[in-house]
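We name chains A, B, ... by the order of the sequence lines, and we start the count at 1 in each one. Note that the coordinates shown come from a computational prediction; the quantities given were computed from them, not determined experimentally.
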Amino acid sequence: MPEGHTIHRAARDHQKLFVGYKVDVSSPQGRFNNGAKSISKLECVAVEAYGKHLLYEFKNDQFLHIHLGLFGRIRRRKLPIEEAKGKVRVRLVGKTHFVDINGPTICEILDEESKSKLIDRIGPDLLRKDADPNKFFERVISSRAKIGTLLMDQSVVAGIGNIYRTELLWRQKIHPNILGKDLDRSQLENLWNDARALLEVGVKRNKIITNFKKAGSVNADSLNIYKKKKCPGCMGVISKIEISGRVAYFCVYCQSETS
DNA sequence: TTGATTGTTACCGG
DNA sequence: TCCGGTAACAATCA
């Protein structure tokens, strides 16, 4: 379900719901990853997103760390509590609302030290003001890996997932198989700026939108080529390849393999 | 029942 | 050390 925009949107929303209040955190199925106990009635002092990781900070330097993985979902409802839908692994109960989290790959309680370690291994996050794009440029330019792989590597740049990868590379006319070291600085700056702009739209609209043609026109879809057959640019056939275990789409004509 | 899916990590081999 | 490939884990739906 999530790319970076989903997590940042949740962080902003949950900040309003939980910060300053005592929140009950429990795992209805008793399944925190590291076996830690629930957090009970501790004041929530911050909710932050780092890439696709969601961190709730409580008093006494306790952190609830959530990663939704491929299938995770977040449901937010007004109190009173309703019966859990599906397999709820984490439930947060605040003053006015409760939040159920289904299917995360990670749901664990961290201390300050392990939280710092986590943040250290996450690359610059497109949606954070403190992100340093130079770290992204340097990693890519010195790498022999494909740009299609690097964009999905969250230690290189945080927030991009499989759909944005395809759409970004198409918008910038870059073939996913081009190696990082073969790209130039301006291409990387364009990638960074476009990625950030697209993710910000995603946060605002709660939807991945990479095609901004007016509704009513022939190509009014919100995506350009992801899972599509025809390139809206040249009307050519869209190709598929697997890169880092996920399917990437590209246009042979618009995205040249030689940079 | 099978396959696909907006993700990540550990481990191994080259 | 870097890079690619594979398996494991998570949950739901068509």
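B:dG7 atom P lies 14 Å from atom CD1 of A:Ile106, rounded to whole Å. One interatomic measurement links the two molecules: CZ of A:Phe32 to C1' of C:dA10, which rounds to 16 Å at whole-angstrom precision. Rounded to a whole Å, the CG atom of A:Leu179 is 16 Å from the P atom of C:dC2. In this entry the distance linking CD1 of A:Ile66 with P of B:dT8 reads 15 Å, nearest Å. Atoms NZ (A:Lys181) and C1' (C:dT1) sit 17 Å apart, rounded to a whole Å. Distance A:Lys52 NZ to B:dT8 C1': 9 Å, rounded to the nearest Å. The CD1 atom of A:Ile243 sits 16 Å away from the P atom of B:dT8 (whole-angstrom rounding). Atom pair A:His53:NE2 and B:dT8:P shows a separation of 6 Å (rounding to whole Å applied).
Under the 4.5 Å side-chain heavy-atom criterion for Ile, Leu, Val, Met, Phe, Trp and Tyr, A:Trp170 and A:Val252 are members of distinct hydrophobic clusters.
Distances shorter than 4.0 Å separate some side-chain N or O of A:Asn102 from OP1 or OP2 on C:dT12. Checking the phosphate oxygens (OP1, OP2) of C:dA10, no side-chain nitrogen or oxygen of A:Arg89 falls inside 4.0 Å. For the pair A:Tyr226 and B:dT6, the criterion of a side-chain N or O lying under 4.0 Å from OP1 or OP2 is met. Close to B:dT5, at under 4.0 Å from its OP1 or OP2, lies a side-chain N or O of A:Lys227. Using a 4.0 Å cut-off, some side-chain N or O of A:Arg246 falls inside it from OP1 or OP2 of B:dT6. Proximity of A:Lys87 to the phosphate of C:dT12: no side-chain N or O atom is located under 4.0 Å from OP1 or OP2.
Counting only N and O atoms by type, the side chains of A:Asp111 and A:Gln62 include no donor and acceptor under 3.5 Å apart.
Using cut-offs of 30° and 60° for the angle between ring planes, the A:Tyr226 and A:Tyr249 rings count as perpendicular.
In this structure a side-chain-to-backbone donor-acceptor pair under 3.5 Å is present from A:Ser142 to A:Glu138.
Considering only heavy atoms from C-beta on, A:Met152 comes within 4.5 Å of A:Arg246 through its side chain. Annotation: side chain of A:Ile122 is not in contact with side chain of A:Asp120 (no heavy-atom distance under 4.5 Å).
Taking the six-membered ring wherever Trp is involved, the centroid distance between the rings of A:His5 and A:Tyr164 falls below 6.0 Å. The six-membered or imidazole ring of A:Trp192 lies near that of A:Phe136, with a centre-to-centre distance under 6.0 Å.
Listed by residue number, the members of residues 67-75 of chain A with any heavy atom below 4.0 angstrom from DNA chain B are A:His67, A:Gly69, A:Leu70, A:Phe71. Within residues 142-156 of chain A, the residues approaching DNA chain B are A:Gln154, by heavy-atom distance under 4.0 Å.
Residue A:Asp221 forms a salt bridge (charged side-chain N to carboxylate O under 4.0 Å, His left out) with just one option from A:Lys227, A:Lys213, A:Lys228, and that option is A:Lys228.
When the P atom is used for both C:dA7 and B:dG3, the distance is 15 Å, rounded to whole Å.
Within the nucleic acid shown, A:Arg121 comes within 4.0 Å of sugar-phosphate atoms alone, with no base atom in reach, counting heavy atoms only.
Both the sub-6.0 Å distance and the 45° axial angle are satisfied by A:Arg128 relative to the ring of A:Tyr50.
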Notebook entry, point to check: Would you write out the dot-bracket form of DNA chain B, 5' to 3', with Watson-Crick and G-U pairs under 3.5 Å, [ ] for crossing pairs, | for pairs to other strands and . for unpaired bases?
Noted result: .||||.||||||||
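Between the NZ atom of A:Lys85 and the CZ atom of A:Arg75 there is a distance of 5.0 Å, given to the nearest 0.5 Å.
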Next item on the list: Under the side chain to side chain contact (heavy atoms under 4.5 Å, CB included) rule, what do A:Leu55 and A:Lys115 come out as? Steps first, then yes or no, please.
Entry: CA-CA 9 Å; A:Leu55 282 165; A:Lys115 174 236 173 193; 4.1 Å; yes
